[in-house]
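Below: one structure, written as structure tokens.
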Amino acid sequence: MVDSNRWGILYCPKRGLGTSKRWQKIERVLNEYEVQFDFIQSETTGSVDRLVKMMINNGYKTIIIVGGDSALNDAVNCLMEVDKETRDSIALGVIPNGVMNDFAMFWGFAENDLVRTIGWLKKHRVRKIDLGCIRYTNKHNEKCHRYFLNCVNVGLVAAIMDLKRKTRHVFGSRTISFFSSALLMIFQRLDYRMKIRINTDTIDRRVMTMCVGNSIGYGQTPNAVPYNGLLDVSVVYHPQITQLFEGFYLFVKGKFLNHKSVHPYRTHEIFVDKAEHAVVGVDGRLMKTPVGAFKINVEQEVINFLIPE
């Protein structure tokens, strides 16, 4: 078993293999802060799950993910598989290094400020945070679930976020990649027949997109916080084409909820009885579309997360 003060660091490269200049910069700052750590690099996106489990089994009490929202998602799902006593003994932290780093940005961790980020992490300020959970049935009729830190998207924006992950490598800019993805999606299906139950309301109509946010939800649930035991929900009806562009503008400006086609809610759980042909994204990554109805709820204060001072 390792020393309890020693960090286990999982480095997830943005693209390709090999230790990059980015890691060399991170390593230099870690050494300046005299942090004791063991470092391992993920070979592929699919290896994150295996490597986090290995760190947990080897007794690391501080696990730092150098990666983005998808890598963090894998990490929290691994932590939720172990018993509560083990999970409560581990603190999870992040050094932003992904295509999308929205959960890190929520806390103020900036990709280009390693000194401040690692300085905050070394102070080891822990906060218990909530996780959302989507519970669904797969095509093999098996009951499944997946936890999320940021959000679940159903419909158009789930497809846009998937394209954004791909076009970000081409365009670099978050805003340009989002707009290019959105323009491509205009030529695809724009709305889906859904039946959704939220609190006392039942929505049974065509819906363009829905975001269920435990955090800011890539700008769609800007008031959500991962520590109040509640989920924020934004349901967007199908706007006219001119309103669609207005919606994109408000999205970029952080005023998404001001659009008249957006209907916000706050709840502990949401039931999706029907979402015909709508793709589902969890923390920015597409998942296989659930078969039939599914439920999304929140589990309060289940992960120790390292936050700024």
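Only a predicted model underlies this, so the values are computations on that prediction, with no experimental measurement involved. Here, residue 1 is the first one in the sequence, and each next residue gets the next number. The figures here come from the full heavy-atom set of this structure, side chains too, leaving out hydrogens, waters and symmetry mates.
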**Prompt:** Does the gap between the ring centers of W7 and F39 come in under 6.0 Å?
**Reply:** no
**Request:** May I ask you to check whether over 12 heavy atoms, not counting those of E85, lie within 6.0 Å of atom CD?
**Result:** no
**K195, NZ atom: more than 12 neighbouring heavy atoms under 6.0 Å** = no
**Test: R206 cationic atom under 6.0 Å from Y237 six-membered ring centre, within 45° of axis** = no
**Residue pair V126 / I307, side-chain heavy-atom distance below 4.5 Å** = no
**Prompt:** Is the shortest side-chain N to carboxylate O distance from R50 to D74 below 4.0 Å?
**Reply:** no
**Prompt:** Just wondering, more than 12 heavy atoms not from K123 lying within 6.0 Å of its NZ?
**Reply:** no
**Pair D204 + R193: basic N to acidic O under 4.0 Å** = yes
**Message:** Between I40 and I9, is there a side-chain heavy-atom distance shorter than 4.5 Å?
**Reply:** no
**Message:** Checking D130 now: which residues fulfil side chain to side chain donor-acceptor pair (under 3.5 Å) with it, not counting sequence neighbours?
**Reply:** none
**Fill in**
Note: A110 and P96 closest approach over all heavy atoms is C-CG, 4.1 Å
**Prompt:** Looking at F148 and D283, what are the two nearest heavy atoms and their distance?
**Reply:** CA-OD2, 3.5 Å
**Request:** Might you work through the ring-ring contact (aromatic ring centres under 6.0 Å, His included) test for Y218 and F103, ending with a clear yes or no?
**Result:** CA-CA 9 Å; Y218 304 108; F103 194 73; over 10 Å; no
**Prompt:** Is there side-chain contact between V152 and V280, with at least one heavy-atom pair below 4.5 Å?
**Reply:** yes
**Asked** Taking all non-hydrogen atoms of both residues, which atom of I64 and which atom of T62 are closest, and how far apart?
**Response** CD1-CG2, 3.8 Å
**Prompt:** salt bridge (charged side-chain N to carboxylate O under 4.0 Å, His left out) with R266: which residues, sequence neighbours excluded?
**Reply:** D232
**Prompt:** Only one of V302, L131, I303 clears side chain to side chain contact (heavy atoms under 4.5 Å, CB included) with L79; which?
**Reply:** I303
**Asked** Under the 3.5 angstrom rule, does the side chain of N97 hit a backbone N or O of C12 as a donor-acceptor pair?
**Response** yes
**Request:** For A71 and I65, work out which heavy atoms get closest and say how close.
**Result:** CB-CG2, 3.7 Å
**Request:** Go through the structure and list residues passing side-chain contact (heavy atoms from CB on, under 4.5 Å) with D201, not counting sequence neighbours.
**Result:** Y265
**Complete:** Sorted by chain and residue number, the salt bridge (charged side-chain N to carboxylate O under 4.0 Å, His left out) partners of R197 (sequence neighbours excluded) come out as D273
**Message:** Could you walk me through whether R87 and E81 satisfy the salt bridge (Lys or Arg N to Asp or Glu O under 4.0 Å) test, starting with their C-alpha distance in whole Å, then the side-chain angles of each, then the deciding distance to 0.1 Å, before giving a yes or no?
**Reply:** CA-CA 9 Å; R87 184 168 66 246; E81 290 180 8; over 6 Å; no
**Prompt:** If we only count heavy atoms from C-beta on, is the R146 to C133 side-chain gap below 4.5 Å?
**Reply:** no
Please report, to 0.1 Å, the donor-acceptor pairs under 3.5 Å made by any side chain of residues 25-37, with sequence neighbours excluded.
{"from": "N31", "atom 1": "ND2", "to": "E27", "atom 2": "O", "distance (Å)": "3.2"}
{"from": "Y33", "atom 1": "OH", "to": "V115", "atom 2": "O", "distance (Å)": "3.2"}

**Request:** Not counting sequence neighbours, which residues clear side-chain contact (heavy atoms from CB on, under 4.5 Å) with A278? List them please.
**Result:** V154, Y192, M194, A275
**Prompt:** Any luck finding a side-chain donor-acceptor pair between K61 and S4 under 3.5 Å?
**Reply:** no
**Fill in**
Contacts of K143 meeting salt bridge (charged side-chain N to carboxylate O under 4.0 Å, His left out) (sequence neighbours excluded), chain-then-number -> none
**Message:** Does either side chain, that of N77 or that of N73, offer a donor lying less than 3.5 Å from an acceptor on the other one?
**Reply:** yes
**Request:** Enumerate the residue pairs fulfilling side chain to side chain donor-acceptor pair (under 3.5 Å) with a member in residues 300-309, sequence neighbours excluded, ordered by first and then second residue.
**Result:** K128-N304
**Item:** Results of side-chain contact (heavy atoms from CB on, under 4.5 Å) for C211 - residues two or more places apart only
**Value:** C151, N153, Q220, T221
**Item:** Side chain proximity check, V207 to V236, heavy atoms < 4.5 angstrom
**Value:** no
**Message:** So, using side chain to side chain donor-acceptor pair (under 3.5 Å) as the criterion, who are the partners of Y147 when residues are at least two apart?
**Reply:** E299
**Item:** Residues which pass salt bridge (charged side-chain N to carboxylate O under 4.0 Å, His left out) with R125, listed by chain and number, not counting sequence neighbours
**Value:** none
**Request:** Provide the full list of ring pair (Phe, Tyr, Trp, His ring centres under 6.0 Å) pairs with a residue in residues 109-141, sequence neighbours left out, each pair given once.
**Result:** F109-W120
